[in-house]
There are 2 protein chains.
Amino acid sequence: MAGRNESNRSITNVAALANVSIATVSRVLSGKRTKDDDIARRVRAAAEQLNYSVNYAASALRSTITNTIGLVIPSATETFSAQLLDEIEPTIDVDSQQLLLGIGPNQAAQGERIASLVARHVDGLIVVPAAGADLTEILEQYAGTLPIVQVGGRQRSFHTSMVGIDEDAAMEMTIGHLADQGIESVAYMAGKEISFESAELFAMFHTQVRAHHLKTQADWNRFGERSVQRGFDCAMRLFSEPLVQPEAVVCADDTIAFGMMVALHALGLRVPQDVLIVGYNDSPIASTTMPTLTSVRPPFQQIVSEALRLIALGPEHPAHVSLPPQLIVRDSTVVAR
Amino acid sequence: MAGRNESNRSITNVAALANVSIATVSRVLSGKRTKDDDIARRVRAAAEQLNYSVNYAASALRSTITNTIGLVIPSATETFSAQLLDEIEPTIDVDSQQLLLGIGPNQAAQGERIASLVARHVDGLIVVPAAGADLTEILEQYAGTLPIVQVGGRQRSFHTSMVGIDEDAAMEMTIGHLADQGIESVAYMAGKEISFESAELFAMFHTQVRAHHLKTQADWNRFGERSVQRGFDCAMRLFSEPLVQPEAVVCADDTIAFGMMVALHALGLRVPQDVLIVGYNDSPIASTTMPTLTSVRPPFQQIVSEALRLIALGPEHPAHVSLPPQLIVRDSTVVAR
DNA sequence: TTGTACGCGTTATCAT
DNA sequence: ATGATAACGCGTACAA
């Protein structure tokens with residue numbers, strides 16, 4: 001009671017209490033000592049008794065391992081990043097690592113965050129690029145120093161790792177599922193034209209439509225932004241006049257799909273009896289629309305475990321991984337027979 | 001080229017290049033030296049030339065200031081936490097501080113995250129308690145060691161700071177706005193009954209209803225969960241039979257409001273012509289519903305700056321702050337005249 | 001005001 | 001396998 005109240009908290013005290021050297025304590029607690037003999041138990045008991053936990057600053061200073069993972073996302077209100085966050089944090093934490101978060105809505109801001117995190121000597125860096133951001137140059141700058149994993153996006157560097165979604169598989173599942181429902185024509189609401197990703201997906205859509213002997217029309221399928229308003233407007237354009245109309249619509253985002261459903265409802269068309277709708281991202285709204293929305297769910301869990309595996313591998317062995325998503329079938333594509 | 005490639009990165013090299021001692025470099029770069037003479041400029045130039053940045057581990061080890069803020073939230077997919085994240089990260093970053101994120105969906109998980117962050121010696125801790133979690137005991141354990149700010153929630157400890165929303169003001173603005181629109185009766189869809197918060201809000205609702213000479217009925221107002229389904233069900237119950245119906249409904253969450261709007265649309269009732277709807281949280285869906293939803297917006301910016309201010313004050317002076325929210329008026333409560 | 005020298009708590013190295 | 005000791009990079013008390 002007379003002494004300081006925090007002086008317990010050093011490895012020296014644990015060593016003294018366990019009657020071993022500080023080196024042994026360090027080795028036991030960091031798992032660099034295989035045996036589980038009396039000494040090991042004594043050390044662990046002493047550590048627990050003193051409520052000791054390593055000083056990460058000191059540890060990092062000596063070993064250059066900080067037990068931190070850096071994550072850079074464009075925004076937490078974007079559902080993909082939010083779901084990734086919820087998946088990644090508990091996974092990291094069991095390893096007694098910690099998550100250092102950077103948020104940057106555009107290329108410049110993301111570059112700053114990346115630089116900050118690198119300066120912090122994070123053990124690995126996971127980056128979800130903002131829409132339209134090209135981080136290749138920035139990332140390559142650090143690629144030799146620490147393992148970097150880019151999640152999604154398009155730019156590919158052979159010096160950084162990349163974990164993406166197998167969009168080919170996604171499109172195949174989606175169109176295949178619609179064909180199974182007996183529809184014969186389908187439209188596609190693509191993302192923004194400037195993005196190379198959108199163009200690639202657009203091509204995949206047509207490939208799959210042909211493969212399943214479905215019909216589509218050039219004037220049905222447009223590029224545009226991922227918003228409710230856009231979906232609403234497109235549905236109004238497509239379905240308000242008595243032209244030839246698609247029996248199903250695939251959307252590049254759940255928000256677009258949601259907007260379409262609102263418009264269809266207003267027009268007196270029923271989902272899925274009159275039109276089938278598929279979304280993308282399996283955001284929280286997908287299960288709350290009425291009817292509930294069939295959507296492509298990114299494989300968050302696999303993305304996270306792959307990213308962490310690649311980081312554990314170190315910066316010397318960058319790899320590019322494509323993971324198949326899951327099609328969550330809900331009411332918007334299932335017609336009762 | 002023959003030497004190591006990272007040996008630039010120490011204060012010693014900067015000192016050598018600027019022809020001063022490491023102590024001077026330290027003082028200049030940490031701002032503990034007021035003058036801006038030739039020496040200061042030489043040091044800064046040298047630091048920039050070598051692309052030097054302090055080693056936070058070494059700095060933390062020496063000074064016990066880690067330049068990190070810990071944040072614990074229940075989930076990133078919850079809109080309140082997500083919006084808080086988007087607001088807090090850029091604010092922290094300008095101070096060259098970093099955000100250490102912990103996610104815990106319940107009391108036990110949050111306790112673990114808090115302990116981890118404290119072990120990391122974060123300079124301050126901001127906690128958004130999970131629904132129903134009582135973190136008082138856990139937080140008080142560390143309250144003497146570091147500044148802690150609880151955001152929202154109910155438990156109050158005089159050893160930790162607290163930043164909350166002035167719900168009284170929120171309810172006053174909401175009911176006042178509805179009264180201004182000329183309505184005479186209003187219903188309230190409260191949160192879960194077990195939460196003391198919900199009960200308090202329920203009471204405030206009645207106080208404000210009386211203050212504005214409006215009518216309400218006991219069987220209109222129910223406690224329940226914050227979900228789309230709940231809103232849908234309640235609207236069906238309230239409006240499908242030809243009973244006396246409220247002219248406006250105040251909801252404890254945007255999701256409830258959204259569910260109600262879907263149900264009202266299905267019943268052929270128009271918002272706002274037949275029923276006025278107000279939500280809470282100003283989540284992203286509020287601006288995408290049709291019509292757009294009037295909603296109470298938590299003062300994220302003030303919450304963040306208050307929390308950081310209280311952290312800067314240190315653990316000795318805990319304070320409890322209540323901040324007035326903003327009523328974002330949209331189409332769901334504005335009747336054209 | 002500036003420089004010297006020590007110590008923060010840990011891990012790595014080198015004997016034993 | 002274990003113990004003694006150096007070294008990691010920085011901030012600051014102290015001397016100049």
Side-chain angles (χ1 to χ4, degrees), chain A residues 4 6-44 46-47 50-68 96-98 118-121 123 145, chain B residues 3-44 46-47 50-68 96 118-121 123 145:
Chain A
R4 294 284 160 73
E6 294 190 33
S7 50
N8 304 333
R9 313 190 133 268
S10 154
I11 197 173
T12 314
N13 306 87
V14 178
L17 185 59
N19 249 320
V20 293
S21 71
I22 58 168
T24 303
V25 174
S26 174
R27 282 188 282 249
V28 169
L29 294 182
S30 64
K32 298 204 170 178
R33 185 175 174 286
T34 36
K35 273 191 183 172
D36 187 19
D37 53 5
D38 192 52
I39 292 180
R41 263 165 300 175
R42 239 163 53 215
V43 168
R44 273 192 283 270
L50 296 176
N51 196 16
Y52 167 80
S53 64
V54 293
N55 181 322
Y56 287 95
S59 173
L61 177 58
R62 187 64 181 102
S63 71
T64 71
I65 291 176
T66 56
N67 282 299
T68 48
S96 77
Q97 293 201 297
Q98 282 283 345
V118 171
R120 291 265 171 179
H121 298 279
D123 296 335
T145 320
Chain B
R4 294 285 162 73
N5 53 356
E6 294 189 34
S7 50
N8 305 334
R9 313 192 133 268
S10 153
I11 197 173
T12 316
N13 306 87
V14 179
L17 184 59
N19 250 320
V20 292
S21 71
I22 57 166
T24 304
V25 174
S26 174
R27 284 187 279 249
V28 170
L29 295 182
S30 64
K32 297 205 170 177
R33 186 176 173 285
T34 36
K35 274 194 184 174
D36 188 17
D37 53 4
D38 192 53
I39 292 180
R41 263 165 298 175
R42 241 162 53 214
V43 169
R44 273 193 284 269
L50 294 176
N51 195 16
Y52 167 80
S53 63
V54 293
N55 181 321
Y56 287 95
S59 173
L61 179 58
R62 189 65 180 90
S63 69
T64 70
I65 290 178
T66 57
N67 282 299
T68 48
S96 79
V118 171
R120 291 264 171 180
H121 297 282
D123 296 334
T145 320

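Values below: all heavy atoms of this structure, side chains included; hydrogens, waters and symmetry mates excluded. Reminder, nothing fancy here: chain letters follow the sequence lines and each chain counts from 1.
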A.B. asks: Which pairs count as side chain to side chain donor-acceptor pair (under 3.5 Å) when at least one residue sits in residues 14-25 of chain B, sequence neighbours excluded?
C.D. replies: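 Output for this query lists Ser21(B)-Thr24(B).
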A.B. asks: Considering residues at least two apart in sequence or located in another chain, which fulfil the side-chain hydrogen bond (donor to acceptor under 3.5 Å, both in side chains) criterion with Asp123(A)?
C.D. replies: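 Expected list: Thr66(A).
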A.B. asks: Among dT10(C), dG9(D), dG11(D), which nucleotide sits nearest the side chain of Asn55(A)?
C.D. replies: dT10(C)
A.B. asks: In whole angstrom, give the distance that lies between atom CG of Leu61(A) and atom C1' of dC10(D).
C.D. replies: 8 Å
A.B. asks: So, taking the atom named OG in Ser96(A) and the one named CG in Asn67(A), what distance separates them when rounded to the nearest 0.5 Å?
C.D. replies: 5.0 Å
A.B. asks: Return no unless some side-chain N or O of Ser10(B) is found under 4.0 Å from OP1 or OP2 of dG9(D).
C.D. replies: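 Answer no for this pair, as no side-chain N or O of Ser10(B) is under 4.0 Å from OP1 or OP2.
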A.B. asks: Within this structure, what is the CD1-to-P distance between Ile11(A) and dT2(D), rounded to whole angstrom?
C.D. replies: 14 Å
A.B. asks: So if I take residues 23-32 of chain B and measure heavy-atom distances to DNA chain C, which residues fall below 4.0 Å?
C.D. replies: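 Only Ala23(B), Thr24(B), Arg27(B) qualify.
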A.B. asks: Expressed as a whole number of angstroms, how long is the span from Ile22(B):CD1 to dC8(D):P?
C.D. replies: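 In whole Å, dC8(D) P and Ile22(B) CD1 are 12 Å from each other.
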A.B. asks: If we fit an axis to the first five pairs and another to the last five of the helix from dT1(C)-dA16(D) to dT16(C)-dA1(D), what angle do they make, to the nearest 10°?
C.D. replies: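 Computed angle between terminal axes is 30°.
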A.B. asks: Report the residues that fulfil side chain to side chain contact (heavy atoms under 4.5 Å, CB included) with Ser63(B), sequence neighbours left out, ordered by chain and then residue number.
C.D. replies: Ser59(B), Ile65(B)
A.B. asks: Could you pull out all residues at least two apart from Arg33(A) that satisfy side-chain hydrogen bond (donor to acceptor under 3.5 Å, both in side chains)?
C.D. replies: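 Per chain and number, Arg33(A) pairs via side-chain hydrogen bond (donor to acceptor under 3.5 Å, both in side chains) with Asp37(A).
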A.B. asks: So which one's nearest nucleotide on DNA chain D is more toward 5', Val54(B) or Asp37(A)?
C.D. replies: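 Nearer the 5' end of the strand: Asp37(A).
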A.B. asks: To the nearest Å, give me how far apart OH (Tyr56(B)) and P (dG9(C)) are.
C.D. replies: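 Rounded to the whole Å, the gap is 22 Å.
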A.B. asks: If you apply the rule side-chain contact (heavy atoms from CB on, under 4.5 Å), what do you find for Val25(B) with Arg44(B), and how did you get there?
C.D. replies: CA-CA 8 Å; Val25(B) 174; Arg44(B) 273 193 284 269; over 6 Å; no
A.B. asks: Tell me whether the side-chain N/O atoms of Tyr52(B) come closer than 4.0 Å to OP1 or OP2 in dC10(D).
C.D. replies: yes
A.B. asks: Verify the contact: side-chain N or O of Ser21(B) to OP1 or OP2 of dG3(C), cut-off strictly under 4.0 Å; return yes or no.
C.D. replies: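 So the side-chain polar atoms of Ser21(B) do come within 4.0 Å of the phosphate oxygens OP1 or OP2 of dG3(C), strictly under.
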A.B. asks: Select one nucleotide: of dT2(D), dA12(C), dG11(D), the one nearest the side-chain heavy atoms of Ile39(A).
C.D. replies: dT2(D)
A.B. asks: Would you kindly give the CZ-to-P distance between Arg62(A) and dT5(D), to the nearest whole Å?
C.D. replies: 16 Å
A.B. asks: Checking the side chain of Ser26(A) only, and the main-chain atoms of Ile22(A) only, is there a donor and an acceptor separated by less than 3.5 Å?
C.D. replies: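 Side chain of Ser26(A) to backbone of Ile22(A), a donor-acceptor pair under 3.5 Å: no, none is there.
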A.B. asks: Say whether, by atom type as modelled, one donor and one acceptor occur between the side chain of Arg27(B) and the main chain of Lys32(B) under 3.5 angstrom.
C.D. replies: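 Not at all, since once roles are kept as given, no pair shorter than 3.5 Å links the two residues.
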